[in-house]
Amino acid sequence: MTDPQIAIPSRAPSATTVDDTVMPFEVAKLDLSGRVVRLGPAVDEILARHAYPQPVAKLLGEAIVLTVMLGSAVKIDGRFILQTRSDGPVRMLVVDFITPDKVRACAHFDKSRVAAAIVSGNTGGGELLGKGHLAMTIDQGPDMSRYQGLVALDGSSLEDVAHEYFLRSEQIPTRVRLAVAEELSAEAGGTRHRWRAGGMMLQFLPKAPERARVADLDPGDAPEGTAPHAIEEDDAWVEGQALISTVEDLELIDPSLSSERLVYRLFHEPGVRVFRASPLRAQCSCSRANVEAMLKSFSQDDRDHMVEDGKISVTCEFCSANYEFAPADVGAKFS
Ligand SMILES: [Zn+2]
């Protein structure tokens with residue numbers, strides 16, 4: 001908390017929108033902390049390259065915003081990985097955030113089931129994912145232990161999944177907003193599509209932990225007839241939730257509304273302090289050396305089966321980079 005003796009310089013919110021950034025903020029009066037994510041070229045580069053069906057791209061865009069939001073808050077050197085596995089038309093989403101600023105992502109989906117979902121209009125995130133689980137993994141390298149948090153997917157949106165994750169795993173009252181859209185602009189040669197994405201996270205972090213209790217915990221397997229355990233939420237958190245619930249998708253992606261103006265719009269009354277925004281970029285971490293090491297870790301039989309037309313060819317799922325090897329270089333035999 002800030003020392004009241006130290007004057008904090010105060011200024012008007014910047015009107016300049018900076019894409020591909022994460023900006024932390026704090027509303028000290030309400031014990032709230034948060035982050036605003038704005039993605040322009042970075043999310044467009046990833047989604048445009050994959051050219052997935054529109055609802056799959058939108059869902060992956062939401063996962064990218066969520067991953068960047070959480071990964072940039074973790075004080076580690078390494079990778080923060082969000083991965084889903086589920087039985088819906090989109091079987092798997094993978095988003096990698098590599099500290100301090102790189103992100104990459106890909107999706108696995110069933111083409112015909114996604115096409116059917118589009119025809120029937122069932123293209124919400126929860127409908128595309130279906131049932132399964134979402135894992136968040138922190139990987140700090142081969143010599144360090146991996147941390148993994150799991151949350152069930154049960155037809156709910158990624159926003160709701162994030163709330164569940166924070167409630168169960170971190171026990172921090174959290175609200176998340178995610179938005180992804182295609183911006184269309186008329187340019188020479190036709191309409192240009194560009195993906196934009198944005199998000200906001202708000203967390204209630206009071207000094208006294210008993211103030212952080214929340215009301216919406218499922219009673220679980222309590223005996224029948226047990227009265228639900230009613231907990232009155234702290235006034236500050238009630239106010240914080242009310243404020244973030246007013247944020248509209250357009251405000252999160254609008255290129256003319258800066259992150260600073262957005263948080264000022266919401267929290268000017270209690271007062272909001274913003275911190276230096278950190279930049280992000282779309283960049284894969286694959287390399288010829290990594291692919292070679294992976295091939296060498298496969299069984300002899302698997303490697304031999306990968307030989308086609310006298311060579312082994314591997315395409316990176318994230319960035320579509322192609323790596324070719326002579327079989328002998330990775331210990332495979334010509335077939
Ligand atoms: Zn790659």
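Whatever order the structure lists ligands and atoms in, that order sets their numbers, starting from 1. Residue numbers run from 1 in the order of the sequence given.
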Result block: side-chain N/O donor-acceptor pairs under 3.5 angstrom for residues 275-285, not counting sequence neighbours:
from	atom 1	to	atom 2	distance (Å)
Arg281	NE	Asp101	OD2	3.2
Arg281	NH1	Gln283	OE1	2.3
Ser285	OG	Arg104	NH1	3.4

Please walk me through it: do Glu239 and Lys29 pass salt bridge (Lys or Arg N to Asp or Glu O under 4.0 Å)?
CA-CA 11 Å; Glu239 187 176 345; Lys29 198 174 163 197; over 6 Å; no
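Using a 4.0 Å cut-off between a side-chain N of Lys or Arg and a carboxylate O of Asp or Glu, Glu251 and Arg177 do not qualify as a salt bridge. A salt bridge links Arg146 with Asp139: the distance from a Lys NZ or Arg NE/NH1/NH2 to an Asp or Glu carboxylate oxygen falls below 4.0 Å.
Residue pairs that meet the salt bridge (charged side-chain N to carboxylate O under 4.0 Å, His left out) test with at least one member in residues 68-95, sequence neighbours left out, are Arg79-Asp96.
Scanning for side chain to side chain contact (heavy atoms under 4.5 Å, CB included) contacts around Thr84 gives Leu82, Leu93, Leu129, Leu134, Leu153, with sequence neighbours left out.
Within the sub-2.8 Å shell of the Zn ion (ligand 1), the protein contributes these N/O/S atoms: Cys284 SG, Cys286 SG, Cys316 SG, Cys319 SG.
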